[in-house]
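One structure is given here, and the rest of the page talks about it.
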Amino acid sequence: MAKTPQDVLRMIEEQDIKIIDLKFIDMPGIWQHCSFHRSLIDESSFTEGVAFDGSSIRGWKAINASDMAMVPDPDTAWIDPFMEVPTLSMICSIVEPRTNEPYDRCPRVIAKKAVEFLASTGLGDTAFFGPEPEFFMFDSVEYDQTMNSSYYKVDSAEGLWNTGRTEAGGNLGYKIRNKQGYFPVPPLDSFQDIRTEMLLTMADCGVPIEKHHHEVATGGQAELGIKFGKLIEAADYVMTYKYVVKNVARRYGKTVTFMPKPIFGDNGTGMHTHQSIWKDGQPMFAGDKYAGLSQMALHYIGGLLKHAPALLAITNPTTNSYKRLVPGFEAPVNLAYSQGNRSASIRIPLSGTNPKAKRLEFRCPDPTCNPYLAFAAMLMAGIDGIKNQIDPGEPLDVDIYELSPEELAKVPSAPGSLMESLENLKNDHDFLLAGGVFTEDFINTWITYKLNNEAIPMNIRPHPYEFSLYYDC
């Protein structure tokens with residue numbers, strides 16, 4: 001049930017909440033927060049917002065125009081389980097305090113505009129998204145980058161590399177082999193209780209939960225299953241998911257990363273994203289075409305495939321993202337669609353005869369993305385496909401990894417680097433500008449930020465493996 005500002009204020013009073021923690025997302029996708037005494041939050045806070053300095057937030061305001069306001073969404077209110085003092089958490093959108101207009105670089109505002117644009121087209125009134133974020137949980141991590149050195153080291157008691165390690169009480173040998181981490185029972189799966197606590201804590205924070213399990217890779221890879229939601233809800237769920245998982249892991253003396261490829265030689269971490277459009281309570285992706293899809297759904301797929309090389313600059317926005325998008329590790333590097341085929345970048349899940357379950361799954365995204373931007377961008381690509389009736393071509397109902405080089409050459413591939421994706425976004429982003437959802441200013445800021453802070457700094461630094469290859473040349 002949706003909460004109103006009055007509901008939230010009543011909750012603060014009845015549960016003797018002392019602190020109100022307001023969270024918002026920055027441009028790259030990290031939650032920021034500020035905690036306020038309960039006396040500073042009243043009904044006007046939900047319309048006028050609460051003032052803060054936006055000049056230190058990445059990709060936002062200059063110091064000479066730094067005043068901003070965060071407007072809490074009452075429907076996102078939950079009691080923070082990690083705070084000693086009773087604390088109520090709410091997720092905010094950002095507005096310009098001088099005009100009370102939504103701030104056009106706020107990712108949550110962009111997501112709202114995408115939903116409004118969908119409604120304005122008449123194609124649908126609701127976009128549902130079902131993200132599947134995965135992660136690695138390690139016992140420790142060490143890393144550093146200096147002028148004359150660079151290294152990282154992650155460790156996990158269940159990592160295959162620890163079969164010969166001396167351990168307290170003796171090494172019992174229960175280590176996950178490469179690519180054999182999917183669904184083993186304890187004692188091989190040593191994180192059952194931690195994942196259960198993560199899942200149930202998420203439920204306490206308002207995230208609709210389904211399941212949890214070990215994932216394919218050695219070294220503590222995992223997935224918690226959450227239910228789909230409306231676009232903005234689903235993005236809120238992803239951010240709460242990350243917050244809960246990291247904090248529960250810390251209780252157990254462990255550390256979590258959502259990096260797509262933190263270890264070499266085994267599967268990486270993705271965020272497969274299910275999506276569909278509904279109108280007047282009816283699923284618009286169900287029909288009598290391929291795999292039970294409608295023509296609208298096929299055109300939506302056409303839009304995703306056409307714009308995927310640019311989309312990945314938003315859905316796979318880190319240099320590490322492209323360490324995952326390589327052949328041989330179940331990664332969706334080939335831009336094709338198929339029914340039930342997990343080697344295609346777009347999969348149509350087998351959903352029986354229930355039209356309400358008809359959807360598509362875009363398998364490229366990973367959880368380093370800003371979910372508000374990623375979901376909005378995917379929706380805009382799909383809408384462009386529908387409006388322009390983009391043909392997705394023929395489905396590829398084979399194991400793409402088994403194709404011959406000649407056959408594979410006919411299948412378009414995902415970009416091989418963040419630099420390549422950003423160049424594609426530079427050349428193909430008109431579909432994001434439709435309806436003023438994204439702005440030219442935002443796209444340019446995004447490309448510049450990613451180039452100057454991530455892609456170029458990575459390219460100009462020596463890599464440790466280069467010493468193995470070239471030091472004695």
Side-chain angles (χ1 to χ4, degrees), residues 127-134 179 182-183 210-211 213 215-216 223 225-228 234 260 267-277 283-287 289-309 311-312 315-316 321 324-367 369 374-375 377-379 381-382 385-386 390-403 407-408 410-414:
F128 285 111
F129 280 76
E132 298 179 348
E134 300 165 344
K179 297 193 177 188
Y182 200 65
F183 285 19
E210 290 188 337
K211 61 190 176 186
H213 58 84
E215 261 297 343
V216 174
E223 180 183 330
I226 60 178
K227 294 181 180 178
F228 65 90
N267 282 32
T269 286
M271 188 177 77
H272 308 146
T273 304
H274 300 251
Q275 46 207 282
S276 63
I277 290 175
M284 303 303 292
F285 278 10
K289 305 297 182 183
Y290 173 78
L293 294 175
S294 65
Q295 188 62 62
M296 175 188 282
L298 290 173
H299 286 151
Y300 188 104
I301 290 172
L304 284 178
L305 292 176
K306 176 184 177 181
H307 297 298
L311 270 181
L312 265 62
T315 62
N316 301 72
S321 298
R324 164 184 171 248
L325 292 177
V326 295
F329 295 94
E330 298 184 22
V333 295
N334 299 294
L335 301 178
Y337 73 102
S338 179
Q339 178 177 230
N341 186 349
R342 285 176 166 81
S343 65
S345 62
I346 295 179
R347 184 177 75 95
I348 296 86
L350 300 174
S351 55
T353 59
N354 183 3
K356 294 183 177 181
K358 190 55 65 179
R359 63 199 186 278
L360 61 92
E361 175 193 25
F362 190 39
R363 296 176 62 79
C364 290
D366 68 57
C369 73
F375 298 167
M378 285 186 271
L379 178 61
I386 296 168
I390 297 175
D391 184 358
E394 294 298 316
L396 204 55
D397 290 328
V398 297
D399 185 343
I400 298 174
Y401 303 133
E402 298 299 323
L403 292 178
E407 293 171 312
L408 194 59
K410 300 175 184 177
V411 183
S413 294

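As the structure is a prediction and not an experimental result, all values here were calculated from the model.
- The CE atom of Met296 sits 6.0 Å away from atom CD1 of Ile277, with the distance rounded to the nearest 0.5 Å.
- Side-chain contact, His274 with Glu132: a donor N or O sits under 3.5 Å from an acceptor N or O.
- Annotation: side chain of Phe228 is not in contact with side chain of Thr273 (no heavy-atom distance under 4.5 Å).
- Judged by distance alone, the side chains of Asp397 and Tyr290 do bring a donor and an acceptor atom under 3.5 Å apart.
- Considering only heavy atoms from C-beta on, Pro332 comes within 4.5 Å of Arg324 through its side chain.
- Nearest heavy atom pair, residue Pro367 against residue Thr269, reads CG-CG2, 3.6 Å.
- Taking CG of Leu335 as the start and SG of Cys364 as the end, the distance is 6.0 Å to the nearest 0.5 Å.
- Taking CG of Leu311 as the reference point, atom NZ of Lys306 lies at 12.0 Å (rounded to 0.5 Å).
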Asn334 and Ser413: CA distance, side-chain angles, deciding distance, side chain to side chain contact (heavy atoms under 4.5 Å, CB included) verdict: CA-CA 5 Å; Asn334 299 294; Ser413 294; 4.0 Å; yes
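- With rounding to the nearest 0.5 angstrom, the CG atom of Leu396 is 9.0 Å from the CD atom of Glu407.
- Using a cutoff of 4.0 Å between basic side-chain nitrogens and carboxylate oxygens, Lys227 and Glu210 are not scored as salt-bridged.
- Leu325 CG to Asp366 CG: the interatomic distance, rounded to the nearest 0.5 Å, is 7.0 Å.
- Contact record, Thr315 with Ala374: CG2-CB, 4.0 Å, taken as the closest heavy-atom pair.
- Using a 30° and 60° split on the angle between ring planes, Phe129 and Phe375 fall in the parallel class, below 30°.
- Side-chain contact check for Arg359 versus Pro349: some heavy-atom pair is nearer than 4.5 Å.
- Between the side chain of Ser345 and the main chain of Ala336, a donor-acceptor pair closer than 3.5 Å is present.
- The number of heavy-atom neighbours closer than 6.0 Å to NZ of Lys358, taken from other residues, nucleotides and ligands shown, is above 12.
- Exactly one of Leu293, Leu360, Leu304, Leu305 qualifies for a side chain to side chain contact (heavy atoms under 4.5 Å, CB included) with Tyr337. That residue is Leu305.
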Stepwise side chain to side chain contact (heavy atoms under 4.5 Å, CB included) test for Phe128 and Gln275: CA-CA 5 Å; Phe128 285 111; Gln275 46 207 282; over 6 Å; no
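- With hydrogens and angles ignored, the 3.5 Å screen pairs a side-chain donor or acceptor of Ser294 with a backbone N or O of Met284.
- Between atom CE of residue Met378 and atom NE2 of residue His307 there is a gap of 14.0 Å, rounded to the nearest 0.5 Å.
- Asn316 and Ser321 make their closest contact through C-OG, 3.4 Å (heavy atoms, listed as atom of the first residue, atom of the second, distance).
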